[in-house]
Amino acid sequence: MTSIQELLLSRIRDVADYPEPGVMFKDITPLLADPAAFTALTDTLAELATATGATKIVGLEARGFILGAPVAVRAGLGFIPVRKAGKLPGATLRQAYDLEYGSAEIEVHAEDLSDGDRVFIVDDVLATGGTAEAAIKLIERAGARVSGVAVLMELGFLQGRARLESALDGAPLEALLQV
């Protein structure tokens with residue numbers, strides 16, 4: 001395990017039975033509160049984004065905003081929020097996707113992405129991959145290309161990586177931690 005991984009893991013708190021019994025929630029707020037750990041995370045994600053030739057960073061609601069915005073600043077790139085449906089004013093592109101129990105929709109401002117953009121997606125956790133897959137579809141519908149996806153943690157047992165393989169079309173998927 002690398003020193004960055006050790007630092008990040010040491011700042012993530014397990015919360016048993018949250019939000020429901022049997023779930024072990026991974027709380028990243030201690031990591032965000034530690035300036036050294038948060039800076040190390042931001043720098044690492046910015047390096048990954050730059051290495052892919054990204055021109056913009058997309059953060060997925062809501063913790064992807066917290067991680068993605070400073071990554072965009074550090075990398076010198078624009079930041080675009082992908083929000084839950086109904087949260088953005090003006091013209092948007094919307095994408096529906098399935099959840100374990102039901103469905104949801106996300107959206108992005110249509111004018112924030114263009115044909116020449118290479119978009120790097122940032123989020124805190126890759127679980128089943130449904131939100132990330134919907135974001136990839138949204139970005140492509142806007143005419144941009146996905147340069148890669150990076151997450152702080154991947155919950156491998158939920159098989160999200162396998163779900164994203166074809167949608168990524170060879171773009172990298174980086175998980176700093178496997179839990």
Notebook entry, point to check: Do R74 and D43 meet the salt-bridge criterion of a basic N to acidic O distance under 4.0 Å?
Noted result: yes
Checklist line | R141 side chain vs R94 backbone, donor-acceptor pair below 3.5 Å | finding: yes
Check: Any donor and acceptor pair, going by atom type alone, linking the side chain of H109 with main-chain N or O of P81 inside 3.5 Å?
Finding: no
Next item on the list: Only counting residues at least two apart or in another chain, list the ones meeting side-chain contact (heavy atoms from CB on, under 4.5 Å) with T2.
Entry: I4, Q5
Note to self: Checking R118 now: which residues fulfil side-chain hydrogen bond (donor to acceptor under 3.5 Å, both in side chains) with it, not counting sequence neighbours?
What the structure shows: none
Checklist line | Donor on one side chain, acceptor on other, D117 and T55, under 3.5 Å | finding: yes
Check: Between T52 and A49, is there a donor-acceptor pair closer than 3.5 Å when you use the side chain of the first and the backbone of the second?
Finding: yes
Next item on the list: Please answer whether the main-chain N or O of G22 pairs with a side-chain N or O of D17 as donor and acceptor at a distance below 3.5 Å.
Entry: yes
Checklist line | Exam field: side chain R161 to backbone L173, donor-acceptor pair closer than 3.5 Å | finding: yes
Check: When hydrophobic residues are tied together by side-chain contacts of less than 4.5 Å, even through go-betweens, does L7 share a cluster with L32?
Finding: no
Check: Would you say L88 and I66 are hydrophobically clustered, going by side-chain heavy atoms of ILVMFWY under 4.5 Å?
Finding: no
Next item on the list: Using atom types as modelled and distance alone, determine if a side-chain donor or acceptor of D34 lies under 3.5 Å from a backbone N or O of A36.
Entry: yes
Note to self: Donor-acceptor pair, distance only, cut-off 3.5 Å: does the side chain of K84 make one with the backbone of E107?
What the structure shows: no
